[in-house]
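Labels below follow one simple rule: chain letters A, B, ... track the order of the sequence lines, proteins then strands, and each chain is numbered from 1. Scope of the values below: all heavy atoms of this structure, side chains included, with no hydrogens, waters or symmetry mates.
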Amino acid sequence: MLEPNPTSCSNAPILKERGQREVFCGLTSIIWLHRKMQDAFFLVVGSRTCAHLLQSAAGVMIFAEPRFGTAILEETDLAGLADAQQELDREVERLLSRRPDIRQLFLVGSCPSEVIKLDLAKAAQRLSKIYAPSVRVLNFTGSGIETTFTQGEDECLSSMVPSLNESPDKQLLVVGALPDVVEDQMRNLLAAMGIDSVSVLPASSVKQEVTVGKKTVFAATQPFLGETHSALERRGARHLPAPFPFGADGTTAWLKVIADEFSVSDARFEQVVSAPCARAKKAIAQASKVLDGKSVFFFPDSQLEIPLARFLITECGMSAIEIGAPFIHKGLVGPDLGLIPEGPVLSEGQDVDLQLDRVLKARPDLTVCGLGLANPLEAKGLTTKWAIELVFTPVHFYEQAGDLAGLFSRPLRRRAVLSREAAE
Amino acid sequence: MKLTVWTYEGPPHVGAMRVATGMTGLHYVLHAPQGDTYADLLFTMIERRNHRPPVTYTTFQARDLGSDTANLFKSACQDAYDRFKPEAILVGASCTAELIQDDPGGMAENMGLDVPVIALELPSYQRKENYGADETFFQLVRALARPVEKTPQISCNLIGPTALGFRHRDDIDELSGLLSDMGISVNVVAPMGSTPSDIKRLGAAHFNVLMYPETGETAARWMERDLGLPFTKVVPIGVGATRDFLNEVSQITGLSPFVDDSRLRLPWYSASVDSTYLTGKRVFIFGDGTHAITAARIARDEMGFEVVGIGCYNREMARPVRALAKSFGLDALITDDYLEVERCIEDLSPEMILGTQMERHIGKRLGIPCAVISAPVHVQDFPSRYSPQMGFEGANVIFDTWVHPLVMGLEEHLLHMFRDDFEFNDEAGPSHHGGHAAQRAPSVKTMDIVPAEIKETKDVSLEMVWLTDAEKELKKIPFFVRGKARRNTETYALAQGVYKISVDTLYEAKAHYAR
């Protein structure tokens, strides 16, 4: 079991930098959200750059009929020659007639739509009236001027909170998009403890109703949901702060907070978690052999950095040199920070050139960074793990704990294998 | 406003990045919001570059908009200059920065930097990536290139290759070799591989080889006018085009166009009997204008295919592509709408697609083999081996690349003969490709037991109906010719005024189209 560390990073100073930020914008979240929410379409109102980002960011293009697209603003929209709201209505009509299976439409704001102050909230209201009840139209921002990478999911989920139906019952709401297989595992664990009234935001379709109310408690599975956290609190729900469910110990700690809230007996808790927890520990031990005693350096990317550093430090025997995050929300990552021993530099925001200077000086054993930096750092002899894979791969809860450690150990094992080949 | 799912081209500032990233000693300061740095990964991941693109982004955020984005630009520009010490600086704006009208060009010019500052005005809401590359290179050349003394020997510049270009790396080597065989040395290759100092001495060459009109034509035209450098018009992709190119260079230089072509294998490979099965294969061609045009000639004259459709996504090349299509008796498809291309391919049901990364996915969905001939391309189209498209080796590479996705000649016959073999059947795909399981699709069986009245699907026109037996017979035809058979039969039936297609109609059509 994890114990708070008396000399932890909780109150460590945070290095705040402003300079070039080598991060994705929030639109990137659409890449996993549109797979998760199977009756939703994400319509970005933006520029060719937005469309190009969406098809480039995942590293591969997803050609399985994407449920997202970009309404590209053209010269006439900007010059005021065309009424952008009317243009949008026309494109939405075309889209919905082509895709009658769509039940939720998200109008997603971008940098250009925000700079020209195109009112997508107004558009969503108007379109909701037109297409109700068959299609619900919401809006959120994924723009780079407002959001960084995973904050797109936060904006999307928080846009859904005001329209959730009220529920007077005691229930658990789990927030954060998880791969289906992981979500099922989580539900099974909770059900085994006797916690049955569980809903997950986002649901995979509008048919699965998600409700909220004064007696709702919520747990986050992702650390980047600050806005959603506030929106749920505004609806009267209460947050259950916990370390995030990464690794064996993280998962146990996360479940324990919920179990205590729902008065699950220690014996029952033990009975439910002991087998999967033991399995997870075995898998981590196997995968983390090459991680033990090694150092890690996190570039800011997804806000997963602090919980993942906690996992690597307390469960895989690594030490951190720097943990960079685009944004540090202590209300969410506080419990994980409390478990990380003092030592690493905590940085928020970025000046990528200065941070590159630091990483090249420190020469960590493993550097977790974005796709734009990984190959250039590899070429300088550093071993890297591209961070986006941590967002796209099932990594939460017990059964994925070994895979999570494996994601970090594979680059190190690969380097070792290749250098042995070269030496022969 | 226009709904787009996938784009063939990025925004124009990505074109500028392709120029900057291909060069050294040049730095691009881009006024852009947070998030636009995604473009770095195109170069570091897709092209596997081992260094970051030489681009500094201001990455402004909402809070900066209220205060002072202009100062943010100035400090980013100064920091970039101090850190990277470039020989020249490009400055410009991405789509969002264009809207806030900070005038990066004007600001940078007033900063008193002691290197040339070249301001780019790339209209993001009108133009695209290729334009951005072409315009950026033109501005660089116009700012830096001046008349200089010619090299004593006949030399040329290779114009147009950029970072992230389809096989540009290898085309440069192939052309350098061909030209060297003619006795011509290469003065400068630009933008890829050059420095701003190299750009200054472009005028030392005797002529320009315009490799890629998409990214180099404006600069080539300027150099023709202002530096007196003639440029080549033939793009040497394919055997015929390579020979035409050598003749064109010969006319410019007076040197002999006859070079050693002993390593050229395409003509013999194409003439050898194993290739007989390629005859009249119906191909659809789509890509950038230059690659589509060159591919059409190769397809018809060097591979013996039948070109059933051709088009390009860059409107700048619409005119030559339309003219070429007309000479093939076709209407060109000029569009950057991926869905329109998909519809067109579905209608034509070709036996093979020669296209881009996008068409590869269309082909995958429709079950049509595809070979990639043009950007945009993905990581697998940056092979580690030498594989140019231009010159004689390019022709060899093209022969191999285009034949590879197809079922081999004798295998095709065997599939016709033994189409019910449980291990060796058309669902298995070409036997030299792994990953196909030779399973009979159960869906075929269930479809066979569907009652006839439901089975009578309507096609082509409202009246055209396939009778159950005919539909069953069609299913026995291997998948890679099934589309053609269906189409031919329907066309034949329509011409005969037959609206119910029976087994007889199917075989009458087969006899009618026999070659």
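In summary, D89(A) and R94(A) do not engage in a salt bridge, as defined by a charged side-chain N under 4.0 Å from a carboxylate O. Between D336(B) and K128(B), at least one side-chain nitrogen of the basic residue sits less than 4.0 Å from a carboxylate oxygen of the acidic one, meeting the salt-bridge criterion. We find that E74(A) and K2(B) are not joined by a salt bridge, their nearest charged nitrogen and carboxylate oxygen being 4.0 Å or further apart. Remark: R358(A) engages E17(A) in a salt bridge, criterion side-chain N to carboxylate O under 4.0 Å. Using a cut-off of 4.0 Å between Lys/Arg side-chain N and Asp/Glu carboxylate O, E135(B) and R127(B) are scored as not salt-bridged.
Contacts between D351(A) and chain B at a heavy-atom distance below 4.5 Å are absent for every atom of the residue. The part of L356(A) that comes within reach of chain B is its side chain, from C-beta onward, which places non-hydrogen atoms under 4.5 angstrom from that chain. Looking at L27(A), there are no atoms closer than 4.5 Å to chain B (heavy atoms on both sides), in backbone or side chain. Only the side chain of V14(B) comes within contact range of chain A, with at least one heavy atom under 4.5 Å from a heavy atom of that chain. Only the side chain of L65(B) comes within less than 4.5 Å of a heavy atom in chain A; its backbone stays farther off. For chain B, the nearby part of R90(A) is the side chain; its heavy atoms alone come within less than 4.5 Å. Residue V44(A): no heavy atom, backbone or side chain, is found under 4.5 Å from chain B. Looking at V23(A), the atoms closer than 4.5 Å to chain B (heavy atoms on both sides) sit in the backbone and in the side chain alike. When heavy atoms are compared at a cutoff of 4.5 Å, E9(B) approaches chain A solely by way of its backbone atoms N, CA, C and O. Only the backbone of T147(A) has a heavy atom closer than 4.5 Å to any heavy atom of chain B. The part of R83(B) that comes within reach of chain A is its side chain, from C-beta onward, which places non-hydrogen atoms under 4.5 angstrom from that chain. With a 4.5 angstrom heavy-atom cutoff, A374(A) does not touch chain B via any of its atoms.
The two atoms that bring A93(B) and H13(B) nearest to each other are O-CB, 4.4 Å, heavy atoms only.
Taking chain A as the reference chain and counting heavy-atom pairs below 4.5 Å, the highest number among E129(B), Q126(B), K364(B), R52(B) is found for R52(B). When the candidates L88(A), L73(A), D353(A), V352(A) are compared by the number of heavy-atom contacts under 4.5 Å with chain B, D353(A) comes out ahead. Note: Q20(A) leads E146(A), Q20(A), E87(A) in heavy-atom pairs under 4.5 Å with chain B. Of the residues considered (I116(A), T49(A), T148(A)), T49(A) shows the highest number of contacts with chain B, using heavy-atom pairs under 4.5 Å. Per-residue counts of heavy-atom pairs under 4.5 Å with chain B were compared for A379(A), C25(A), P112(A); the largest is that of P112(A). The most heavy-atom pairs under 4.5 Å with chain A, out of T58(B), T56(B), L72(B), come from T56(B). Top candidate by heavy-atom pairs under 4.5 Å with chain A, chosen from T37(B), L42(B), V379(B), is T37(B).
In this structure, Y57(B) has its ring center no closer than 6.0 Å to that of H31(B). For F24(A) and Y38(B), the distance between ring centers is not under 6.0 angstrom. For F42(A) and H34(A), the gap between ring centers reaches or exceeds 6.0 Å. The ring of F68(A) has its center no closer than 6.0 angstrom to the ring center of F41(A).
Of the possible polar contacts, one joining the D64(B) side chain to the Q61(B) backbone as a donor-acceptor pair under 3.5 Å is found.
Shown are W6(B), Y8(B), Y338(B); of these, the ring pair (Phe, Tyr, Trp, His ring centres under 6.0 Å) with Y313(B) is made only by Y8(B).
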